[in-house]
Amino acid sequence: MAVAPALDPNAVPGPRRRRYALLINPFYRKDPNASFGKHVLTPSLALTATAAATPPSWSLRYWDENLLQGSPPLDPFPEVVGITVHLTFAKRAYELARWYRQWGAKVVLGGLHVLSAPEEAAEHADALAIGEGVQLWPQILADVEAGALQKIYRGDYKRPYRDDPPPRRDLLPRDGFLTTSSVIATRGCHNRCGFCYLSTEGLHMPYRLRDVEQVVAELEADGQPYAVFVDNNLGSRPDYLRALCGGLKRLGIIWSAALTIDVTDDPSLVREMALAGCTGVFIGFESLNAANLDDANKRTPMPEDYARRVKILHDNGIQVNGSFVLGFDADGPEVFARTADWIEAVRLECATFHILTPYPGTPLFRRLEAEGRLLHREWALYDTAHVVFRPRRMTQAQLADGYAWLYRRLFSHASIWRRRPEDWRAVAPYLAMSYLYKRSNRFWHLLIRANLTHAAWRPLVELTRRRHVRFRRRLASRPAAPYGSGTVLAAGV
């Protein structure tokens, strides 16, 4: 999980096929402290959404190197290769581009790193897609056919999101992912945190919505029991989220989403989420120190109120995966134990940790660069698992060691047990999820190589879905409970 598949320099490509495009999600190194399972949770929507804009006269193939199925395909040889580029795997993307270009393929690079570093990316591509790929891809292919490929294509995010076609999930190797039902209902976020990629200079992504019926139809067509909303913040518009829950209710599926903790401003909305099948949320708490949140320009309730708000989610059977960023200027060595103690006290089912990382083009990057605190520009290490700047109140070693210590503690047997749900009926599925998801990296490596990810997860997902359908009936049959009662069932995914 740390070494990319080999690119054989002596390989012999098959015959070139006209009007055939290959879309590649490059390999990236996996953090050994975190779960390997999260990397095969869902496929790349950037590529499947772009694929949906492909003209009917073109054939397509999707290839994800992170599924560990060997070197990218050469037979038949593609006329066009589209590669998505993130700064953590930019080097690998450029290696793939060089590999295909040596035999004459036209390589198109897109993605956020291309937006933030176009001059760097241009050296490795025949064309750059800067901005909305769904908008640009048809024109790029038309220009290839006409022999008039341009060096740079620029798109914006102004057209209605509902006009985009649904992603091409039929291209996906379904056995390689926990679920292929990853979906984006809303694009953008009401926050512009200084460390977030959404604050990248030149990225203007207005908040856009898809029609509820479009989203419901996509999920119904894919037929999966579990869906993951990969929106930056599904709850930015509470009225839309409530309407979406109304549409999802009839599907009988379970789902999870990323939201901000202010979704609990309206407990009745949290209840609607549960009744619609929500079993888990990813919450960017970021920090328990209000000074850090102010510095990051994150609009959020006060950290002192986090625990009460987590209780609202728990009381509606919704598990919480809390995300925390370490290394803000107000963080000292005490931040690690304080964060771990709080997570265990409020019984977060899962936690994800990130070392503060200045993505190129963000306000954070510009500030640390101006202060002379950046250590290097080795993009592969800008993965939130390595220290790439000089912290203010601790050493680089303290930040790196504290990050690793937090994962060891929260993934320990003792911590998993301390954070078990209060409802005894939810303990067994919680433990199954915790041990399979968090403590099985060697097992995950084997599952991914053997293409058994979906098979391993499906029984647990289906068991959880059935339990949650029964739970929804109980929840719907009684009035909303006083918050803080801790009486309802926690979900297992």
For [X], check salt bridge (charged side-chain N to carboxylate O under 4.0 Å, His left out) against everything at least two apart and list the hits.
X	result
D305	R308, R309
R458	none
D239	R237
R29	none

Take Y407 and F353, measure what ring pair (Phe, Tyr, Trp, His ring centres under 6.0 Å) needs, and give me the verdict at the end. CA-CA 8 Å; Y407 267 119; F353 304 105; 5.1 Å; yes

List the residues meeting side-chain contact (heavy atoms from CB on, under 4.5 Å) with E218, not counting sequence neighbours, and say none if there are none. P166, P167, R169, V183, R210

List the residues meeting side-chain contact (heavy atoms from CB on, under 4.5 Å) with A307, not counting sequence neighbours, and say none if there are none. W342, V346

Please list, chain by chain and in numerical order, all residues satisfying ring-ring contact (aromatic ring centres under 6.0 Å, His included) with [X], sequence neighbours excluded.
X	answer
Y62	none
F324	F285
Y435	H413

Is there a side-chain contact between [X] and [Y] (heavy atoms, below 4.5 Å)?
X	Y	value
W379	T88	no
V230	L45	yes
V216	L251	yes
Q319	M433	yes
F328	N289	no
N66	V40	no
L241	L259	yes
H113	H86	no

Test log, rule side-chain hydrogen bond (donor to acceptor under 3.5 Å, both in side chains), inputs T260 and N233: CA-CA 6 Å; T260 48; N233 179 8; 3.2 Å; yes

Can you tell whether the side chains of [X] and [Y] come within less than 4.0 Å, N to carboxylate O?
X	Y	answer
E349	R420	no
R409	D341	yes
K311	E422	yes
E344	R419	no
D331	R338	no
K298	E286	yes
R367	D329	yes

Do Y430 and D423 meet the criterion of a side-chain donor-acceptor pair at a distance under 3.5 Å? no

Assess the side chains of T180 and D222: does a donor N or O sit below 3.5 Å from an acceptor N or O? yes

Set out, in order, the CA-CA distance, both residues' side-chain angles and the distance that settles side-chain hydrogen bond (donor to acceptor under 3.5 Å, both in side chains) for Y226 and S256, then state yes or no. CA-CA 8 Å; Y226 175 48; S256 59; 2.7 Å; yes

Inter- and intrachain pairs under side-chain hydrogen bond (donor to acceptor under 3.5 Å, both in side chains), touching residues 35-52, at least two apart: Y28-H39

Can you give me the closest heavy-atom contact between A404 and N33, atom names plus distance? CB-OD1, 3.8 Å

Using the test side chain to side chain donor-acceptor pair (under 3.5 Å), find all partners of R92 that sit at least two apart in sequence or belong to another chain. E65, E95

What distance separates [X] [atom1] from [Y] [atom2], expressed to the nearest 0.5 Å?
X	Y	atom1	atom2	answer
L209	I184	CG	CD1	12.5 Å
D64	N25	CG	CG	4.0 Å
L436	L447	CG	CG	7.5 Å

Any pair counted as ring pair (Phe, Tyr, Trp, His ring centres under 6.0 Å), so long as it reaches residues 227-279, sequence neighbours left out: F229-W255

Counting heavy atoms not belonging to K91, are there more than 12 under 6.0 Å from its NZ? no

Counting the benzene-type ring for Trp, do F27 and F89 have ring centres under 6.0 Å apart? no

Is there a side-chain contact (heavy atoms from CB on, under 4.5 Å) between N316 and L275 once you walk through the steps? CA-CA 9 Å; N316 283 279; L275 291 173; over 6 Å; no

